[in-house]
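Reading through the structure tokens given below for one structure.
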Amino acid sequence: LKLSLHEVSIQNLGVYDASSIKRFGMTEKKAHEVMEMALYIKNLITPLGICQIIDIGSGKGYLSECLSFTHGFRVYGIDSETVNRNSALDRCRKVEKYFKGKKK
């Protein structure tokens, strides 16, 4: 079994909302699901003082991005498919560029 790892560590770039997420290939439904799950995870682990997350089976990295960009967690994504890792890294760069441009 070969696993690919990607790290999402660009934190608190801005509001990660449905309209900006759709720019990067997620449907509105998927964006809603990702944002709700990220908020659930944040509320679950913040009281425990956890600031790093390992996302096993991270796929394209949607949840990892949201947890990092919106909630400030350091996230490590692990997936068995190299194509998913490459897609997640490419997407992460595009999202980072978009949000950094919005902050100016």
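Computed from a predicted model, the values in this text were never measured in an experiment.
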Open item on the list: I need the minimum non-hydrogen distance between V34 and C66, along with the two atoms involved.
Closed with: CG1-CB, 3.7 Å
Task: side-chain hydrogen bond (donor to acceptor under 3.5 Å, both in side chains) partners of Q52, counting only residues at least two apart - done: Y76
Open item on the list: Rounded to the nearest 0.5 Å, what separates atom CD in E81 from atom OG in S58?
Closed with: 11.0 Å
Task: For D90, all residues meeting side-chain hydrogen bond (donor to acceptor under 3.5 Å, both in side chains), sequence neighbours excluded - done: K94
Task: Interatomic distance, K60 atom NZ to R91 atom CZ [nearest 0.5 angstrom] - done: 9.0 Å
Task: side-chain contact (heavy atoms from CB on, under 4.5 Å) against E33, all qualifying residues, sequence neighbours excluded - done: K29, K30
Task: Test item: H71 and L39 side chains (from C-beta on) under 4.5 Å apart, heavy atoms - done: yes
TODO: Answer yes or no: is there a side-chain heavy-atom contact under 4.5 Å between I53 and I41?
DONE: yes
Task: Main-chain N/O of V83 paired to S87 side chain as donor or acceptor, under 3.5 Å - done: no
Open item on the list: I'd like to know if the side chain of D79 reaches the main chain of G59, judged simply by a donor and an acceptor atom lying under 3.5 Å from each other, with no hydrogens or angles considered.
Closed with: yes
Task: Interatomic distance, I50 atom CD1 to F73 atom CZ [nearest 0.5 angstrom] - done: 8.0 Å
- [ ] Would you name the heavy atoms of A38 and L63 that are closest together and state the gap between them?
- [x] N-CD1, 3.8 Å
